[in-house]
Amino acid sequence: MINITLPDGSIRQYPEGVTGLEIAKSISERLAKEVLSITVNGEVWDITRPINTNASIKLHKWDDEQGKHAFWHSSAHLMAEAVEVLYPGVKFGIGPSIETGFYYDIDFGDKTISETDLTKIEEKMMEFVRQPQTITRSEVSKDFALKTYTDKADPYKVELISDLQDGTISLYTQGEFTDLCRGPHLPDTSSIKAFKLINIAGAYWRGNEKNKMLTRIYGVSFPKKSLLDEYLVMLEEAKKRDHRKLGKELELFTFSQKVGQGLPLWLPRGAQLREKLETFLKKIQKQYGYDQVITPHIGQKELYVTSGHYAKYGKDSFQPIHTPAEGEEFLLKPMNCPHHCEIYKSKPHSYKDLPVRLAEFGTVYRYEQSGELHGLTRVRGFTQDDAHIFCRPDQLKEEFVKVIDIVLYIFRVLNFTEYTAQISLRDPNDREKYIGTDENWEKAERAIIEAAAERGLSTVTEIGEAAFYGPKLDFMVRDAIGRKWQLGTIQVDYNLPERFELEYIGADDKRHRPVMIHRAPFGSMERFVAVLIEHTGGKFPLWLTPDQAVIIPISEKFNDYAKKVLNFLNNSDIRTLIDDRNEKIGKKIRDNELKKIPYLLIVGEKEVESEQIAVRVQGEGDKGQMSPANFVSFINEEIEKQLK
RNA sequence: GCCGGUGUAGCUCAGUUGGCCAGAGCAGCUGAUUUGUAAUCAGCUGGUCGGGGGUUCGAAUCCCUCCACCGGCUCCA
């Protein structure tokens, strides 16, 4: 007998060789039906794998990450099996479970696979589910595994096996299909009740663009049909929030093929929104001791050679602008910091002056790869809410913390509750990627970690994600379709002060080098607005929304009164429109509801007589009458609450 | 940049075994109606079918090429 310790600490005795499934059965039939994988002494196993020693275990069901992953992983195998049957001779790369669902990278040789093939694959998968196949695990030697896949002429699996250690290699077999795999897997394919192959895409083998591109098929699967349906409905809902769709519908921004790829054109309503955000941030920054500066859109190439950006990005960027004068070269500015360094240098600084905080809504241009462009989130010309803080080394942490405070304030006001803070450090094994001394890197990394801890941020740390000149703290949020985007960023930089030979005079009357913090709480105005659109579904907070109210006269007879109210409200700084089209009231309400204008103000005979307006709240309906003056104070109170 | 897909009116889309002057709804314009809380009626305007080249008696439809967009991969100062 062996002792099995359950997560609650209780210990049960089972015969040697007991399986997770048997343990589940001994607890309850229901659990046995639902269990998908088991953690045995910290390792995730199949529920049919015998346990031969004392162990602490945890059983995983669908509600558990580990359970889902076994489920999706087996689904990937199921798909691969179908593919192998339908397209004999294909070679398999890797087929893992992911955050939601699974994929498999497959080399189809000369055959081109498109969306229409997915249905065929799904049908074949369904066959295998209807006649369930058991999935069995076998442990094999490295030599055996290598021989198996050399015989199958699958170079990808051979490469994977070569990197594995002998004694740790397992194969999983279902029907005619065998796959190299660490597991765990479900006992058989019968529980994969509902699945859908979502899309098809190219993916480089091992993520390296020098390698061959394989065909990646993405899918999701669920133990119940209803869960799949829910998921598909959720995807549809998410699409409705897509900022590219809403941006068009709400007339916020557009693109023009003629102007150029990735160069957004802000329409009046979008520009209005963006300006509100900028004013909002400027006000905060003023409180935090920032000074606004303005710098030009181009700079001499030499400026970026000095900063190091040219060496790093020059060849992949917009190429230099040449002038009639021989030898003159200018770059469209890809960064504001070199300009700001020169502003810092324009006069001598005492240690008493520091920190110097220079802020600018600076528009920069970067030649992003064409396949990378995406709505407003990834563009070639964009405006950073940039600032550079030049401070003494002893002020670094305090300044860093203050920037965190600004970011957190913005997130609070705009209701971003789900974000992650990511600390990006350098990869010590990849020196080529970075510039600067070890000592400075260590100091900078320590400052970030301490500052984040001081504000109690829950952070994830990514090694190798640092900028080439320094470590950073990024705030990430998800878009409507689950993609992660970096918004705010705070970066420590010892390098640029070095390169630009920035100095201040210390209390000791000697020259010292300041430290720089790059920071952009929004990141870029374009990306931030995109994420804000998706976050709010286009229903912006009252203080931000381009049009706050629209006056709707019941008929043309009341246009004069409506215009009087319009003037009053606009003079009271309520951004108000009038809809005096010759349409029925129902039509005008519908149209303005769809524009997501927060307040619809209906005026008819009753309102004219009583000198009031009937207030209708977007999405909620009629709220009764009030006087225009009361409406103004009501709106102002609402806005004040939102900005607290 | 790479793989796959898509591109028809301002917007959403129909039309593709090649064949009547390329269609609809919404938007816009004109007129009627003067409206009380999510679509009043009628008429009209609007398209070099993404650009260019080719095949054909004939191309939105087939082929080539370029461009843009979409989904990924790689990249992101």
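Residue numbers begin at 1 in each chain, while the letters A, B, ... track the order of the sequences. Bear in mind the structure is a predicted one, so any value in this text is a computation, not a measurement.
- Looking at heavy-atom distances under 4.0 Å, A/Thr112 makes contact with sugar-phosphate atoms alone, never a base.
- Within 4.0 Å of A/Gly207, counting heavy atoms only, lie sugar-phosphate atoms of the nucleic acid but no base atom.
- In this entry B/U17 has no Watson-Crick or G-U wobble partner, no candidate having both defining distances under 3.5 Å.
- Base pairing of B/U35: no nucleotide in any strand meets the Watson-Crick or G-U wobble criterion (both distances under 3.5 Å).
- For A/His340 and A/Phe500, the ring centers are positioned 6.0 Å apart or more.
- For A/Gln491, the listed nucleotide lying nearest its side chain is B/A77; candidates were B/G5, B/U37, B/A77.
- Heavy atoms of A/Glu556 sit under 4.0 angstrom from at least one base atom.
- Taking atom CG of residue A/Leu235 and atom P of nucleotide B/G71, one finds them 12 Å apart after rounding to whole Å.
- The base-pairing partner of B/U55, taking Watson-Crick or G-U wobble contacts with both distances under 3.5 Å, does not exist among the strands shown.
- Using a 4.0 Å heavy-atom distance criterion, A/Ile554 is classed as a base contact.
- Atom C1' of nucleotide B/G72 and atom CD of A/Gln369 are separated by 14 Å, given to the nearest angstrom.
- At a threshold of 4.0 angstrom between heavy atoms, the contacts of A/Gln486 with the nucleic acid are absent.
- One atom, NE2 of A/His374, and another, P of B/C76, lie 19 Å apart when rounded to the nearest Å.
- Across all strands shown, A/Asp622 has heavy atoms under 4.0 Å from base atoms, whether or not it also approaches the sugar-phosphate.
- The side chain of A/Lys557 lies closest to B/U34 when the candidates are B/U34, B/G36, B/C26.
- Nucleotides B/C62 and B/A14 place their P atoms 15 Å apart, quoted to the nearest Å.
- Counting to the nearest Å, the P atom of B/C11 and the CG atom of A/Leu594 are 18 Å from each other.
- Side chain A/Gln257 to base B/G7: no donor-acceptor pair is found below 3.5 Å.
- No donor-acceptor pair closer than 3.5 Å links the side chain of A/Trp72 to the backbone N or O of A/Val220.
- Taking atom P in both B/U61 and B/G19, the straight-line distance is 10 Å, to the nearest Å.
- A centroid separation of less than 6.0 Å is found between the aromatic rings of A/Phe92 and A/Tyr104.
- B/G71 is paired with B/C3 under the Watson-Crick or G-U wobble criterion, all donor-acceptor distances under 3.5 Å.
- Under the 6.0 Å cut-off for aromatic ring centres, A/Tyr87 and A/Phe108 qualify, their centroids lying closer than that.
- Each of A/Lys606, A/Glu607, A/Glu611 was compared with A/Gln625 under the side-chain hydrogen bond (donor to acceptor under 3.5 Å, both in side chains) criterion, and only A/Glu607 meets it.
- Comparing A/Pro334 and A/Glu607 by the nucleotide of RNA chain B whose heavy atom lies nearest to each, the residue mapping closer to the 5' end is A/Glu607.
- Ring-base stacking between A/Phe468 and B/A77 is not satisfied when judged by a centre separation under 5.5 Å and a plane angle under 30°.
- Residue contacts shown for A/Glu249 are absent, as no nucleic acid heavy atom lies under 4.0 Å away.
- Within 4.0 Å of A/Lys584, counting heavy atoms only, lies at least one base atom of the nucleic acid.
- Between A/Ile200 and A/Tyr469, the one whose closest nucleotide on RNA chain B sits nearer the 5' end is A/Ile200.
- The pairing partner recorded for B/C44 is B/G28, the criterion being a Watson-Crick or G-U wobble arrangement whose two distances lie under 3.5 angstrom.
- Residue A/Ser370 has a polar side-chain atom (N or O) positioned under 4.0 Å from OP1 or OP2 of B/G1.
- One atom, OH of A/Tyr103, and another, C1' of B/G4, lie 17 Å apart when rounded to the nearest Å.
- With hydrogens and angles left out, the side chain of A/Tyr204 and the base of B/G1 share a donor-acceptor pair within 3.5 Å.
- The gap from the P atom of B/C26 to that of B/C44 amounts to 14 Å, rounded to the nearest Å.
- Nucleotides B/A27 and B/C66, compared at atom C1', are 33 Å apart to the nearest Å.
- In this structure, A/Arg590 atom CZ and B/G25 atom P are separated by 16 Å, rounded to whole Å.
- Residue A/Lys588 is classed as having no contact, given no heavy-atom separation below 4.0 Å to the nucleic acid.
- Residue A/Phe255 is classed as having no contact, given no heavy-atom separation below 4.0 Å to the nucleic acid.
- Between A/Arg244 and B/G71 there is a side-chain polar atom (N or O) within less than 4.0 angstrom of OP1 or OP2.
- The same atom, P, is picked in B/U8 and in B/C69; the two are 14 Å apart, to the nearest Å.
- The CD1-P distance, from A/Ile113 to B/G72, rounds to 20 Å in whole Å.
- In terms of polar N and O atoms assigned as donor or acceptor, the side chain of A/Glu593 comes within less than 3.5 Å of the base of B/A38 in a complementary pairing.
- Remark: A/Arg366 fails to qualify as a cation-pi partner of A/Phe318 under the 6.0 Å distance and 45° angle criteria applied to the six-membered ring.
- Among the heavy atoms of the strands lying under 4.0 Å from A/Ala203 are primed sugar atoms or P, OP1, OP2 only; no base atom is included.
- When ring centroids are compared, A/Phe522 and A/Phe528 come within the 6.0 Å threshold.
- Taking only side-chain nitrogens and oxygens, A/Tyr218 comes nearer than 4.0 Å to OP1 or OP2 of B/C73.
- For the C1' atoms, the distance from B/G15 to B/C75 is 41 Å, rounded to whole Å.
- Of the candidates B/C3, B/A77, B/G4, the closest approach to any side-chain atom of A/Met213 belongs to B/C3.
- For A/Arg366 against B/C75, no side-chain N or O and base N or O form a donor-acceptor pair under 3.5 Å.
- A/Lys472 has a side-chain polar atom (N or O) that falls below the 4.0 Å cut-off from OP1 or OP2 of B/A77.
- The residue A/Arg616 sits close to a base: some heavy atom pair falls under 4.0 Å.
- OP1 or OP2 of B/A27 has at least one side-chain nitrogen or oxygen of A/Lys587 nearer than 4.0 Å.
- Going from the P atom of B/G52 to that of B/U16 covers 24 Å, rounded to whole Å.
- Remark: A/Glu251 does not engage A/Lys596 in a salt bridge, criterion side-chain N to carboxylate O under 4.0 Å.
- For A/Lys588 (side chain) and A/Gly586 (main-chain N/O), no donor-acceptor pair under 3.5 Å exists by modelled atom type.
- In this entry the distance linking CD of A/Glu368 with P of B/A68 reads 15 Å, nearest Å.
- Counting non-hydrogen atoms under 4.0 angstrom, A/Gly604 reaches a base of the nucleic acid.
- If you check distances only, the side chain of A/Arg378 does reach the base of B/C76 with a donor-acceptor pair under 3.5 Å.
- Side chain to side chain, A/Gln319 and A/Ser317 fail the donor-acceptor criterion of an N or O pair below 3.5 Å.
- Using atom C1' as the reference point in both B/U12 and B/G58, the two lie 31 Å apart (nearest Å).
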